[in-house]
J.: 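Supplied in structure tokens, the structure appears directly below.
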Amino acid sequence: PKDGFIPTTATAVQVAEAVLKPIYGKEVDQENPFAAILSGDLWIVEGQRLDRCPPSNLQASSVCFEVDKGPIHLEMRKSDGRILKVYRLK
């Protein structure tokens, strides 16, 4: 397509979430809203790392961020949708 396979911010976020769910599971939901920035042909998508473990929610079934984990980061090409990098920032 002339505007690329990932033409908009909304599309970039949707693709990123679909790629990240199998890797990070429920942690992906806890990093919403994701932010996407276009730099040339590269979409950079990051989760919004928030403190998700207040003392009242520390239960065995809850998913909480560990102190040393940063937000999820994903890079993909706008033109062909290729996923280039997936990792956690520190």
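This chain uses plain numbering: 1 for the first residue, then up along the sequence.
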J.: Would you call E31 and R88 a salt bridge, using N to O less than 4.0 angstrom?
T.: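 Answer for the salt bridge query: yes.
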J.: Quick one: name the residues clustered hydrophobically with L42, using the 4.5 Å side-chain heavy-atom rule over I, L, V, M, F, W, Y, and just say none if it's on its own.
T.: I44, L84
J.: Tell me whether W43 is reachable from I83 by hopping between hydrophobic residues (I, L, V, M, F, W, Y) whose side-chain heavy atoms are closer than 4.5 Å.
T.: yes
J.: Do D41 side-chain atoms and S79 backbone N/O form a donor-acceptor pair below 3.5 Å?
T.: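 Checking the backbone N and O of S79 against the side chain of D41, a donor-acceptor pair under 3.5 Å is found.
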J.: Could you grab the distance from atom CZ of F34 to atom CD of E46, nearest 0.5 Å is fine?
T.: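 The distance works out to 10.0 Å.
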J.: Would you tabulate the side-chain donor-acceptor contacts of residues 14-22 under 3.5 Å, counting partners in other chains and residues two or more places apart, or write 'none'?
T.:
residue, atom, partner, partner atom, Å
K21, NZ, D29, OD1, 2.6
K21, NZ, D29, OD2, 2.8

J.: Does the side chain of V45 come within less than 4.5 Å of M76's, by heavy atoms?
T.: yes
J.: Heavy atoms only: give me the nearest G47-P71 pair and the separation to one decimal.
T.: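 Smallest interatomic distance, heavy atoms only, reads O-CB, 3.2 Å.
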J.: Give the minimum heavy-atom separation between A35 and Q48, together with the two atoms involved.
T.: CB-NE2, 3.4 Å
J.: To the nearest 0.5 angstrom, please state how far the OG atom of S39 sits from the NZ atom of K78.
T.: 12.0 Å
J.: Taking side chain as C-beta onward, heavy atoms only, is Q30 less than 4.5 Å from Y24?
T.: no
J.: Can you hop from I23 to V28 via hydrophobic side chains spaced under 4.5 Å?
T.: yes
J.: Show every donor-acceptor pair shorter than 3.5 Å between a side-chain atom in residues 1-8 and any protein atom, with sequence neighbours excluded, or say none if there are none.
T.:
residue, atom, partner, partner atom, Å
T8, OG1, T11, N, 3.1
T8, OG1, T11, OG1, 2.8

